[in-house]
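Per chain, numbering begins at 1; letters A, B, ... match sequence-line order.
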Amino acid sequence: MARGQAPFPARDGAGERAVTVAPEPSELAWSRSELMAVELAAHLRDDDVAVMGTASALPQAACRLAQLTHAPGLWYIAGGTCSVNPHLAPVVPSCCDFDLLRADTAIPLADVVLLEGRGDVLTVFFAGGLQIDAYGNCNLVAVGEWSRPSLRGPGTVGLPFLSRVGRVLIYTMSHTRRTFVERVDFLSGPGFLGGPAEWASAGLSGGGPALVVTPLCTMGFDPGSLRMRLVTVHPGVDIDEVRDATGFDLLVEDPVPVTAAPTPAQLSILRDLDSDGLLKGV
Amino acid sequence: MARGQAPFPARDGAGERAVTVAPEPSELAWSRSELMAVELAAHLRDDDVAVMGTASALPQAACRLAQLTHAPGLWYIAGGTCSVNPHLAPVVPSCCDFDLLRADTAIPLADVVLLEGRGDVLTVFFAGGLQIDAYGNCNLVAVGEWSRPSLRGPGTVGLPFLSRVGRVLIYTMSHTRRTFVERVDFLSGPGFLGGPAEWASAGLSGGGPALVVTPLCTMGFDPGSLRMRLVTVHPGVDIDEVRDATGFDLLVEDPVPVTAAPTPAQLSILRDLDSDGLLKGV
Amino acid sequence: MSKLLSLSDAVERYVPDHVRMLAVGGMHLHNNPMALVREIVRQQRTIGRLLTSPCGALNADLLIGAGLVDEIATSYVGFEHLGLAPCFRRAVEAGSIRVLECDEAYITHGLYAGAGGLAFIPLPAGLEVSDIPKVNQVSYATTTDPFTGREVLVGAPLCPDVALLHAYQADERGNAVLAGAHFVDRLMALASRTVLLQVEQVVPTEEIARHPVGTTIPGFLVQAVVEVAGGCHPTASHGAYDYDEQQLGLYLSMARSAEGVGEYLERHVTGVTEEEYLEKASPRLAELRYGEGPSPVPSSGRSG
Amino acid sequence: MSKLLSLSDAVERYVPDHVRMLAVGGMHLHNNPMALVREIVRQQRTIGRLLTSPCGALNADLLIGAGLVDEIATSYVGFEHLGLAPCFRRAVEAGSIRVLECDEAYITHGLYAGAGGLAFIPLPAGLEVSDIPKVNQVSYATTTDPFTGREVLVGAPLCPDVALLHAYQADERGNAVLAGAHFVDRLMALASRTVLLQVEQVVPTEEIARHPVGTTIPGFLVQAVVEVAGGCHPTASHGAYDYDEQQLGLYLSMARSAEGVGEYLERHVTGVTEEEYLEKASPRLAELRYGEGPSPVPSSGRSG
């Protein structure tokens with residue numbers, strides 16, 4: 001596919017907003033997107049069935065990397081085409097690309113919607129948002145008042161299923177105070193809702209958000225308060241830089257380890273997959 | 001397909017019950033099944049979409065005959081395979097036969113169930129029963145008490161949709177007092193229910209039963225009482241023979257015309273279709 | 001990663017005795033997963049509730065004849081143009097089996113609801129006038145349509161614990177291709193908690209990958225793949241062989257009595273291994289192979 | 001019997017002005033029925049409610065940019081990795097369009113309900129916690145699950161008056177083959193009262209009959225077939241050509257303002273015939289053709 005060097009996509013329309021991340025440090029031999037793919041891959045298990053939606057080059061690459069390293073048994077579904085285990089040569093920017101049908105199998109979109117509702121089959125759901133809050137709730141719909149928003153997002157697609165399906169892996173290319181807010185203006189993809197009390201009383205079948213990967217750091221959730229907490233900072237990133245870019249009080253427990261850099265073997269696999277260089281940009 | 005000379009099937013398990021029709025008069029060059037196929041075909045219109053279920057060699061042949069004569073635009077769906085316009089060379093006894101997939105198209109069974117519910121797409125529904133009553137209600141479930149029947153039928157499959165879909169064409173190979181009863185013991189395929197009052201208050205979207213074809217005669221329904229009435233008797237059949245074989249008071253308006261015999265052209269088409277001779281038996 | 005198992009291991013491992021709800025795939029005389037069904041009989045697994053596709057046939061009647069079924073949820077058990085289902089009929093008339101009387105729409109929509117985690121499924125207006133819902137208040141109920149205020153007939157979701165299905169081909173991870181008509185087999189796979197698949201042929205994943213769009217059961221829904229060429233006999237296997245009227249006729253005549261079906265089971269099921277059964281059926285299977293034509297398996301999508 | 005019509009005749013005959021509910025098929029940047037959409041703009045048909053697949057793109061944004069849409073029911077309008085939908089965004093932020101905020105599950109299940117004559121459709125537990133149903137009480141409501149007594153979120157059926165869909169091939173009676181991914185296009189056809197189909201190629205019925213099982217739209221659901229090779233441009237047509245980032249980029253940059261989108265429409269839609277548009281696009285379409293591979297169209301079933 002000769003589509004030229006498309007820039008690596010930010011999630012769901014966030015592409016139009018300024019990414020305030022510093023320019024890629026020139027001494028790093030890998031891009032932040034590549035590091036993020038490695039971080040997401042590390043979280044995937046051999047018995048997972050993962051599903052991803054719109055503009056999902058990054059989770060596609062993460063899943064394929066996991067399959068080719070520690071999780072050969074992983075299943076992953078590219079929403080849109082609903083191809084199962086696309087062969088990804090190369091990674092494509094659209095979740096509906098015809099080339100994704102180079103895959104082990106493919107099923108109708110309606111079947112994937114059924115399985116998202118069934119809840120016990122799909123164990124990993126990749127998510128993101130224009131806004132992501134301290135409890136891992138996502139918003140792809142509207143910033144400001146829904147009825148007259150200051151920024152109208154594209155819409156939520158399948159994110160309401162986050163309440164129902166396995167572990168939620170959040171990723172975003174935009175680690176800013178506009179993205180990471182104390183509370184989303186519109187709840188389009190449920191995380192831990194308003195915190196422990198509301199989460200417990202909702203009695204949801206999903207496991208909730210498990211991981212948040214950004215160009216600056218990797219975050220998780222505090223088991224008690226269910227608020228986001230820093231897990232590792234990426235090489236070359238300062239903890240204060242993360243704090244400054246986060247619009248809520250991020251839990252930080254010293255010392256914060258540095259995210260492991262991608263290994264040469266991981267980078268070699270990623271670059272084989274990503275011959276169009278979608279992950280090279282940022 | 002070398003399956004040998006399978007006898008022409010009676011509808012839905014009625015095959016096990018004695019058919020009390022007199023032996024085919026030797027002077028007739030056509031079988032009663034062939035005549036019945038011609039009668040059913042005559043009722044089909046160029047803009048119909050017809051659907052049929054279990055053991056449907058007869059309506060299959062009728063539809064194909066209609067397509068090849070006066071109704072080239074007719075659509076018909078063989079339930080089971082859900083093939084659309086099967087090419088039928090030859091007619092097959094099972095509605096699920098692999099050979100039915102020699103067809104213009106085929107759709108999933110679940111899609112046909114959807115369209116039966118939508119109600120405005122399918123205009124003709126072929127039906128039958130262990131019991132058929134004076135109001136055209138059908139019973140494929142149980143003779144006697146449902147909980148401890150004297151004859152357990154196979155089950156109703158899609159017949160409850162009769163209340164919803166276009167015109168219902170009823171056919172049976174068994175014109176006996178056991179089949180044609182005043183009131184079905186179990187209502188599995190709705191006709192005009194208990195008559196005009198109940199039919200009107202039910203407010204159903206389907207048009208109700210339109211035609212009943214048996215080895216003895218062709219019947220319709222009186223527009224006022226919604227009870228079955230004799231339309232034509234088949235060649236060589238006496239009106240009293242029909243009355244005797246019918247377990248309710250059949251409306252008869254003298255004079256009763258004789259059903260037109262199949263033309264040589266119709267027979268030629270039918271026999272081309274029916275090279276396995278499924279319609280030759282009775 | 002391989003899910004290939006022997007017939008006996010698959011049933012032993014994945015079908016508990018007195019399984020709460022067992023679904024059998026195929027429709028009428030076609031694609032009945034008979035090798036798995038016979039193995040259930042050999043291992044004498046009792047079944048709390050048996051669910052058929054809209055039209056069950058030998059897949060249900062044999063289990064009933066073997067005395068394994070407490071309750072059946074079905075809209076049809078019969079042998080189409082060949083006649084009534086003798087063991088089903090006898091059991092119902094004798095009151096020795098409970099029937100959850102269903103219609104085709106409920107079975108199809110109920111599986112959709114089961115697959116999709118829907119609490120229940122509304123049924124089209126008009127279905128409420130038949131007697132079916134009146135005799136089955138386990139599966140049917142009514143509630144209010146909040147958009148119009150009208151009362152609506154609804155069905156309970158169908159979530160089989162185990163489904164026995166036939167597919168034409170599968171790879172060892174369970175990615176399966178259905179040849180010919182699909183009936184409701186894919187819906188059953190989507191709705192069932194455990195799926196056992198018998199296939200005519202195990203093929204490499206690369207073979208499956210040649211026609212991904214037509215591949216209708218993804219392997220992550222499948223727990224076990226059993227390779228049994230001829231395993232649908234005496235029913236048809238779309239793409240492979242037609243149904244066997246001789247053997248079905250033999251069954252129908254023997255199963256007219258409880259003693260007869262016992263003898264049939266002893267001779268053709270419990271008293272023989274599946275290999276012996278298929279060995280004996282092989283001349284008939286050879287006669288019943290479908291004639292030449294295009295591949296029964298869809299070929300589409302992208303290469304690689 | 002032929003349903004072949006010219007683009008203008010098809011829209012003139014089957015799309016009333018101020019059509020109550022118009023559905024557009026395709027998903028994201030793929031299989032958008034753009035020739036039909038452009039013709040709607042040329043004929044200035046206003047739209048009471050526009051329904052997209054779970055993910056609308058140019059098919060929705062262009063109609064909004066042309067000022068034809070009163071209300072949109074959607075779970076996404078955007079250009080995936082290329083950015084937000086400029087006209088949708090501007091219209092919503094300005095309050096000049098009503099939004100029926102939906103989610104993917106509702107659109108898919110709602111079409112199922114519309115196709116099947118179901119009065120409403122229950123949605124899986126858990127969906128009630130998002131804010132979507134709170135802002136859309138036209139599409140979402142609650143009722144009681146009669147089997148458990150619990151309150152359940154449900155959706156209204158989606159029954160479009162007219163659907164605009166793309167298919168790879170069709171015969172003149174409307175039997176259509178979808179190549180590549182099907183998205184929810186078949187469901188839209190099943191649920192819609194009138195279906196207009198644009199196809200890359202009209203083929204004889206015998207060609208369709210070679211692969212009946214993969215043929216996903218039966219002709220009796222289709223009112224008009226319009227042959228427009230290249231008609232999805234600048235979106236992709238699975239099996240034929242990829243999407244055109246240059247043209248989409250041009251649209252996205254021009255549509256940043258109301259004036260700009262007006263100019264785009266004048267230059268690329270209303271000011272040109274479809275033939276002129278495609279003539280101009282043809283060098284790009286040639287570059288975007290998919291490389292060699294197996295046929296994108298399934299081949300299966302029985303011959304004859």
Side-chain angles (χ1 to χ4, degrees), chain A residues 1 45-51 63 67 71-78 81-90 92 96-124 158 160-161 163-166 204-206 273 275, chain C residues 1-3 109 111-119 121 157-161 167 169-178 182 186-195 203-223 297-304:
Chain A
M1 241 182 38
R45 302 175 191 157
D46 193 54
D47 59 352
D48 273 329
V49 183
V51 65
C63 287
Q67 283 182 337
L74 169 74
W75 299 88
Y76 78 105
I77 304 171
T81 55
C82 297
S83 41
V84 177
N85 298 335
H87 298 166
L88 290 191
V92 291
C96 291
D97 204 288
F98 187 50
D99 278 324
L100 288 169
L101 292 170
R102 302 180 199 268
D104 288 356
T105 77
I107 56 180
L109 178 58
D111 286 6
V112 173
V113 172
L114 287 171
L115 294 174
E116 287 174 338
R118 183 174 143 177
D120 61 336
V121 176
L122 308 179
T123 60
V124 168
F161 273 126
S163 62
R164 195 156 174 85
V165 178
L204 300 173
S205 56
L273 292 175
S275 55
Chain C
M1 264 163 43
S2 171
K3 294 167 181 173
H109 290 313
L111 286 170
Y112 183 87
L118 315 186
I121 188 89
L158 290 167
C159 310
D161 296 281
Q169 296 176 326
D171 66 18
E172 61 170 28
R173 299 192 72 197
N175 296 303
V177 177
L178 303 179
H182 298 176
R186 185 215 279 147
L187 263 180
M188 268 190 186
L190 288 165
S192 298
R193 273 43 190 169
T194 297
V195 174
V203 295
T205 303
E206 301 80 64
E207 191 64 28
I208 305 278
R210 287 179 51 224
H211 34 70
V213 176
T215 301
T216 52
I217 300 182
F220 58 79
L221 292 175
V222 173
Q223 274 64 43
V297 172
S299 156
S300 65
R302 306 292 283 153
S303 67

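In this structure, the portion of C:Leu221 lying under 4.5 Å from any heavy atom of chain A is its side chain and not its backbone. C:Ala191 touches chain A through its backbone: at least one of N, CA, C or O sits under 4.5 Å from a heavy atom, while the side chain does not. With a threshold of 4.5 angstrom between heavy atoms, A:Pro108 approaches chain C through side-chain atoms but not through N, CA, C or O. For a residue to count as touching a neighbouring chain, one of its non-hydrogen atoms must lie under 4.5 Å from one of that chain's; by this rule A:Asp47 does not touch chain C. With a 4.5 angstrom heavy-atom cutoff, C:Arg193 touches chain A via backbone and side-chain atoms both.
Here A:Gly117 is the residue among A:Ser83, A:Ala110, A:Cys82, A:Gly117 with the most heavy-atom pairs under 4.5 Å with chain C.
Of the residues listed (A:Leu114, A:Leu115, A:Val112, A:Val51), the one engaging A:Val121 in a side-chain contact (heavy atoms from CB on, under 4.5 Å) is A:Leu115, and it is the only one.
Among residues two or more places apart in sequence or in another chain, the side chain to side chain contact (heavy atoms under 4.5 Å, CB included) test is passed with A:Asp104 by A:Asn85, A:His87, C:Asn175, C:Thr205.
Two residues are said to be in side-chain contact when any heavy atoms from C-beta on lie closer than 4.5 Å; C:Met188 and C:Leu111 meet this criterion.
Between the side chain of A:Tyr76 and the backbone N or O of A:Pro86, at least one donor-acceptor pair lies under 3.5 Å. Looking at C:Glu172, its side chain never comes within 3.5 Å of a backbone N or O of C:Lys3 through a donor-acceptor pair.
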